[in-house]
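One-based numbering along the sequence shown.
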Amino acid sequence: MSAPAVAADSPFVSRLAELLATLEHGLVERRHVVRLALLAALAGEHTLLIGPPGTAKSELARRLHRAFRDARYFERLLTRFSVPEELFGPLSIRALEEDRYERHTDGFLPDATIAFIDEVFKANSAILNALLTLLNEREFDNGAGRQLCPLVSVIGATNEVPDDEVGEAFFDRFLLRVPVGRVSADGFAALLEAGCADEWTPPEEALTLGDEDLGAVSLAAHEIVLPQRVVGVLADLRAQMVEQGTYVSDRRWVKTVWLLRVAAAAEGRAEVGLWDLLLLPACVAPDAERQAEVADWLHARLGVREAFAPPRLTRVVQAFQAQLETEQNANDLDYDESGRLRFSPSEAGTEKAEELAGEIGDAKGGAGALRMSYSRRRRYGPAHIAARTAQIDDLLARIAAYAEELAAERASLAATRARTLWLDEALLARVDAHLAATAALIAELAERARDARRGFENLPRLSADEAARYADVPEPVTHEPLV
């Protein structure tokens with residue numbers, strides 16, 4: 001594997017971390033939103049903030065544009081009365097005199113590097129159609145020609161997700177859809193305190209990002225490896241979403257993987273990591289409810305091998321326990337040395353007889369009489385017991401290997417938590433808690449398997465002479481494959 005174009009200990013990674021800390025300073029519970037918006041900008045993608053007014057969406061956009069050196073910023077609040085001139089510039093009178101239909105775009109959206117469009121879906125279809133081309137192709141149809149635009153990223157804001165065709169097409173142009181809610185009760189005091197703090201200070205120029213930084217990250221992202229394991233999870237999630245009826249375009253999947261590559265490249269890594277997939281909910285699900293469903297799926301899946309999932313492993317252990325119970329309670333017909341059924345006291349029969357005698361009176365002592373016993377507890381030879389314990393030994397070895405695998409996953413997750421620039425700490429903590437709970441369940445199941453092994457070892461054994469005559473190896477206990 002080749003070394004990453006941006007090393008993990010490079011000054012760029014440190015600068016990026018310091019830049020993010022500056023951008024989110026004083027914002028309460030907006031850390032993850034700030035980081036997603038900057039990551040989207042690094043990937044050349046757009047972010048849509050979904051939430052009520054007064055949740056710092058515009059403040060976030062204004063700060064983001066200060067992250068880029070010499071960036072031109074454009075901001076507009078749209079209403080249903082907005083006209084194209086408000087976004088794309090007024091018509092050129094001189095051009096009209098020359099029979100040309102052109103706009104003066106200086107200072108307007110086609111001239112911007114970072115833009116914030118509030119209430120973006122309240123625009124009419126003419127504006128939205130023009131925005132489609134601008135956001136997707138970075139070009140603006142100005143008169144008879146197309147104008148190249150320096151646009152890096154647009155942050156849109158809306159209170160609700162559109163349900164019309166044009167709105168949905170425009171909605172799809174925002175790779176990241178980030179719900180932004182009110183500050184929680186726990187963060188309320190910090191919010192009030194932040195309101196009295198000094199005005200936010202933009203990052204120093206040395207921290208800001210220039211075209212050369214964007215180019216370096218893009219170059220590095222092209223070299224990022226996408227491991228097959230990550231591809232497998234993406235394929236499974238895609239199938240899951242198809243089954244649930246949530247449509248995700250092929251274009252969005254491609255752009256999502258590009259975002260994952262950029263996230264890895266910006267942190268100086270050589271490949272996309274499993275935990276990077278925690279960025280997926282904001283990329284592939286349209287609203288908070290369905291993003292929560294994707295997050296739940298990922299939490300249950302990431303780091304846990306399906307073959308060893310606790311429900312499946314539980315069924316395997318139960319299969320051995322059921323077999324043990326069957327063999328412990330199995331009986332054989334009991335013959336004496338002459339080959340006839342043995343006539344001997346039966347413990348169970350004696351208990352029943354004594355119980356009956358107690359009820360009816362036992363003046364003649366019939367309860368003590370011998371009764372026919374047809375069976376005795378089955379006994380097993382060494383070959384049988386060895387086969388059973390060997391199969392459980394194999395199971396225990398697999399469980400032990402998987403426990404080590406889980407421990408390695410947790411160590412990998414801890415390392416990611418220590419260095420990540422983009423992932424939400426709450427999501428990472430939730431995954432770690434799930435892995436810890438899974439490890440505890442796996443350990444419990446291993447102990448149950450060891451109990452079963454002890455049970456097979458203690459099965460009634462044949463005498464040495466009998467064992468010599470009966471050396472059959474039993475069929476293995478059938479269970480789900482652990483592969």
Side-chain angles (χ1 to χ4, degrees), residues 14-41 46-68 71 73-79 114-122 153-161 174 176-205 207-209 278-279 281-282 285 287-289 291-292 295 299 417-433:
S14 303
R15 182 156 60 96
L16 204 53
E18 191 172 349
L19 174 62
L20 283 165
T22 304
L23 292 177
E24 66 198 27
H25 178 74
L27 293 177
V28 180
E29 298 181 356
R30 296 293 177 263
R31 179 178 186 273
H32 189 50
V33 182
V34 169
R35 289 168 184 254
L36 287 181
L38 183 59
L39 175 60
H46 312 295
T47 302
L48 180 65
L49 306 180
I50 307 170
T55 49
K57 296 190 290 294
S58 57
E59 174 65 17
L60 189 151
R62 290 166 193 152
R63 291 190 180 195
L64 180 67
H65 107 270
R66 303 302 292 270
F68 295 92
Y73 180 65
F74 177 82
E75 177 179 332
R76 193 68 74 225
L77 169 65
L78 298 184
T79 69
I114 300 292
F116 175 62
I117 307 177
D118 201 0
E119 301 294 351
V120 64
F121 293 105
K122 288 187 177 177
S153 182
V154 167
I155 293 182
T158 184
N159 293 332
E160 56 187 14
V161 176
F174 293 94
L176 288 169
R177 282 83 66 102
V178 186
V180 182
R182 295 181 177 85
V183 168
S184 68
D186 292 339
F188 186 64
L191 176 68
L192 299 181
E193 190 66 30
C196 299
D198 295 336
E199 189 176 350
W200 178 70
T201 302
E204 299 175 359
E205 184 173 347
L207 290 180
T208 56
L209 303 173
L278 292 173
L279 292 168
D287 51 41
E289 181 180 354
Q291 287 182 15
H299 290 150
R417 292 176 74 176
R419 70 163 184 263
T420 184
L421 297 175
W422 315 116
L423 300 177
D424 185 13
E425 171 57 27
L427 295 177
L428 291 167
R430 186 178 167 194
V431 172
D432 187 47

### Polar side-chain atom of H25 near backbone of A21 as donor-acceptor pair, under 3.5 Å
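Side chain of H25 to backbone of A21, a donor-acceptor pair under 3.5 Å: no, none is there.
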### Task
Without swapping roles, check the side chain of W200 against the backbone of T22 for a donor-acceptor pair under 3.5 Å.
yes
### Task
Classify the side-chain pair E29/S184 by whether it contains a donor and acceptor separated by less than 3.5 Å.
yes
In the structure I gave you, are the side-chain heavy atoms of [X] and [Y] within less than 4.5 Å of one another anywhere?
X: R15; Y: L207; result: yes
X: L38; Y: F68; result: yes
X: L209; Y: L16; result: yes
X: R35; Y: L23; result: no
X: F116; Y: T47; result: no

Considering all heavy atoms of both residues, which atom of [X] and which atom of [Y] are nearest to each other, and what is their separation?
X: T158; Y: E119; answer: CA-OE1, 4.5 Å
X: R62; Y: E75; answer: NH2-OE2, 2.6 Å
X: L36; Y: W422; answer: CD2-O, 4.5 Å
X: H65; Y: Y73; answer: CD2-CB, 3.4 Å

### Query
Got a sec: does the CD of E193 have more than 12 other heavy atoms crowding it under 6.0 Å?
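No, the 6.0 Å shell around CD holds no more than 12 heavy atoms from other groups.
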### Query
Got a sec, which residues hit side-chain contact (heavy atoms from CB on, under 4.5 Å) with R182, two or more places apart in sequence or on another chain?
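R182 satisfies side-chain contact (heavy atoms from CB on, under 4.5 Å) with P52, T55 once adjacent residues are dropped.
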### Message
Going by the rule side-chain hydrogen bond (donor to acceptor under 3.5 Å, both in side chains), which residues pair with D118 if we only count those two or more places apart in sequence or in a different chain?
### Response
none
